[in-house]
Chemist: 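After the structure tokens below, expect a handful of questions from me.
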Amino acid sequence: MAILHILHYPDPRLRIKAKRVQNVDDETRQLIDDMLETMYNAPGIGLAAPQVEVSKRIIVIDISEQKNDPVCLVNPEIISAQDTEQMEEGCLSVPGIYEMVQRAARIRLSALDRNGDAIDMETDGLLAVCIQHEIDHLEGKLFVDYLSELKRKRIRKKIEKQQRHVM
């Protein structure tokens, strides 16, 4: 397994729509394992392939306290969404920034698992929010896009300042 490089906002590569996975094979499973290792190392609770410079519709999530219950979704699609809730979100691609975002409270989705088997699931709470957040990455969308333009500008300036101090 390997720790992958996570792209940071405002990198334009985060805006590219990911391509569907045609075949879940050993290469796909290796990417999933590397994404999980990267997510746990960061540390985070979700990661989408575009965040690690891979244009594939793959997300990994683990909201468990022990970090031992990973969810791997290939080509996830939300079939239905109900109600709304607001929750504070952060993102590995927008480090150190947390803002309230409104999303569907309950979702139903279809996807493939790490073996390529079709799955259909319904979920709510943190897992539902996390899945929606990561699916947004597959569409080239970030959680900051839900914020006002003023907040986005402030966040962008803060991130750019942080990056200058790192270099």
Side-chain angles (χ1 to χ4, degrees), residues 2-63 69-82 84-85 87-95 97-99 101-147 152 155 159:
I3 305 286
L4 306 171
H5 172 73
I6 299 173
L7 298 175
H8 290 143
Y9 175 78
D11 193 307
R13 293 171 289 183
L14 290 167
R15 299 300 187 175
I16 298 169
K17 188 173 179 179
K19 295 174 177 64
R20 288 185 63 78
V21 174
Q22 299 303 316
N23 184 30
V24 178
D25 54 17
D26 288 341
E27 183 180 314
T28 303
R29 284 184 282 280
Q30 182 62 56
L31 174 61
I32 289 168
D33 291 342
D34 291 346
M35 287 174 61
L36 284 166
E37 184 174 4
T38 301
M39 178 187 73
Y40 291 134
N41 183 68
I45 61 170
L47 187 67
Q51 290 178 270
V52 292
E53 299 184 68
V54 178
S55 184
K56 292 185 178 182
R57 297 185 72 80
I58 300 171
I59 64 176
V60 297
I61 297 168
D62 191 340
I63 61 169
D69 191 20
V71 175
C72 307
L73 302 173
V74 178
N75 299 331
E77 290 184 36
I78 295 176
I79 297 166
S80 65
Q82 296 176 315
T84 59
E85 69 178 328
M87 194 176 284
E88 187 177 66
E89 292 187 26
C91 181
L92 294 176
S93 290
V94 191
I97 306 296
Y98 300 90
E99 292 287 341
V101 176
Q102 187 169 317
R103 297 196 185 265
R106 285 186 296 285
I107 61 170
R108 181 169 172 240
L109 69 128
S110 65
L112 301 176
D113 67 12
R114 69 176 287 120
N115 297 314
D117 297 326
I119 54 174
D120 185 54
M121 69 185 284
E122 289 185 42
T123 188
D124 60 8
L126 180 58
L127 183 56
V129 167
C130 196
I131 289 170
Q132 291 170 83
H133 176 109
E134 299 308 331
I135 287 176
D136 274 355
H137 278 297
L138 304 181
E139 298 298 323
K141 188 171 184 176
L142 300 171
F143 87 99
V144 295
D145 297 339
Y146 292 92
L147 308 176
R152 279 195 310 274
I155 290 168
I159 298 281

Chemist: Output the distance between atom CD1 (Ile159) and atom CD1 (Ile97), rounded to the nearest 0.5 Å.
Modeler: 5.0 Å
Chemist: Of the non-hydrogen atoms in Leu92 and Ala42, which two are nearest, and what is the gap between them?
Modeler: CD2-CB, 3.5 Å
Chemist: I need the minimum non-hydrogen distance between Cys130 and Gly46, along with the two atoms involved.
Modeler: SG-CA, 4.2 Å
Chemist: Please tell me if the side chains of His137 and Cys91 come closer than 4.5 Å, counting only heavy atoms from C-beta onward.
Modeler: yes
Chemist: Does the Arg13 side chain pair with the main chain of Glu53, one donor and one acceptor, at a distance under 3.5 Å?
Modeler: no
Chemist: Are the side chain of Asp11 and the backbone of His8 linked by a donor-acceptor contact shorter than 3.5 Å?
Modeler: no
Chemist: Are the side chain of Ser93 and the backbone N or O of Gln51 linked by a donor-acceptor pair below 3.5 Å?
Modeler: no
Chemist: What distance do Asn115 atom CG and Arg29 atom CZ have between them, rounded to the nearest 0.5 Å?
Modeler: 6.0 Å
Chemist: Below 4.5 Å, heavy atoms only, C-beta onward: do Ile135 and Ile59 meet side chain to side chain?
Modeler: yes
Chemist: Quick one: does any side-chain atom of Asp34 pair with a main-chain N or O of Ala2 as donor and acceptor, under 3.5 Å?
Modeler: yes
Chemist: What's the shortest heavy-atom distance between Pro76 and Ala111, and which atoms?
Modeler: CA-CB, 3.7 Å
Chemist: Report yes or no: does Gln132 contribute a side-chain atom to a donor-acceptor pair with the main-chain N or O of Ala104 at less than 3.5 Å?
Modeler: yes
Chemist: Any side-chain to backbone donor/acceptor pair from Asn75 onto Val21? Under 3.5 Å, distance only.
Modeler: yes
Chemist: Between Ile107 and Met121, is any pair of side-chain heavy atoms under 4.5 Å apart?
Modeler: no
Chemist: Let's go through Val129 and Val101 carefully: what are the C-alpha distance in whole Å and the side-chain angles of both, what is the deciding distance for side chain to side chain contact (heavy atoms under 4.5 Å, CB included) to 0.1 Å, and is it a yes or a no?
Modeler: CA-CA 9 Å; Val129 167; Val101 176; over 6 Å; no
Chemist: Please find the pair of heavy atoms, one from Tyr40 and one from Pro70, that lie closest to each other, and give the distance.
Modeler: OH-CB, 3.7 Å
Chemist: CG of Asp33 to SG of Cys72: how many Å apart, nearest 0.5 Å?
Modeler: 7.5 Å
Chemist: Looking only at non-hydrogen atoms, find the nearest pair between Val60 and Leu36 and report the distance.
Modeler: CB-CD2, 3.6 Å
Chemist: Can you tell me how far CZ of Arg152 sits from CG of Asp145, rounded to the nearest 0.5 angstrom?
Modeler: 6.0 Å
Chemist: Please answer whether the main-chain N or O of Asp69 pairs with a side-chain N or O of Asp62 as donor and acceptor at a distance below 3.5 Å.
Modeler: yes
Chemist: Set out, in order, the CA-CA distance, both residues' side-chain angles and the distance that settles side chain to side chain contact (heavy atoms under 4.5 Å, CB included) for Glu37 and Ile3, then state yes or no.
Modeler: CA-CA 6 Å; Glu37 184 174 4; Ile3 305 286; 3.5 Å; yes
Chemist: Would you say the side-chain atoms of Thr38 and Asn41 include a donor-acceptor pair closer than 3.5 Å?
Modeler: no
Chemist: Between Lys17 and Arg57, does the side chain to side chain contact (heavy atoms under 4.5 Å, CB included) criterion hold? Intermediate values first, please.
Modeler: CA-CA 9 Å; Lys17 188 173 179 179; Arg57 297 185 72 80; 4.2 Å; yes
Chemist: Please say whether more than 12 non-hydrogen atoms of neighbouring residues, nucleotides or ligands are located less than 6.0 Å from CD in Glu88.
Modeler: yes
Chemist: Between Asp136 and Tyr146, which heavy-atom pair has the shortest distance, and what is it?
Modeler: OD2-OH, 2.7 Å
Chemist: Does Val74 reach the side chain of Ile32, with side-chain heavy atoms less than 4.5 Å apart?
Modeler: yes
Chemist: Just how far is it from atom CE of Met39 to atom CD1 of Ile6, taken to the nearest 0.5 Å?
Modeler: 10.0 Å
Chemist: Show your working on side chain to side chain contact (heavy atoms under 4.5 Å, CB included) between Leu138 and Glu134 and close with a plain yes or no.
Modeler: CA-CA 7 Å; Leu138 304 181; Glu134 299 308 331; over 6 Å; no
Chemist: Under the 3.5 angstrom rule, does the side chain of Glu77 hit a backbone N or O of Ser110 as a donor-acceptor pair?
Modeler: no
Chemist: Is there a donor-acceptor pair under 3.5 Å between the side chain of Arg108 and the backbone N or O of Asp120?
Modeler: no
Chemist: When rounded to the nearest 0.5 angstrom, what is the spacing between CD1 in Ile131 and CD1 in Ile61?
Modeler: 4.5 Å
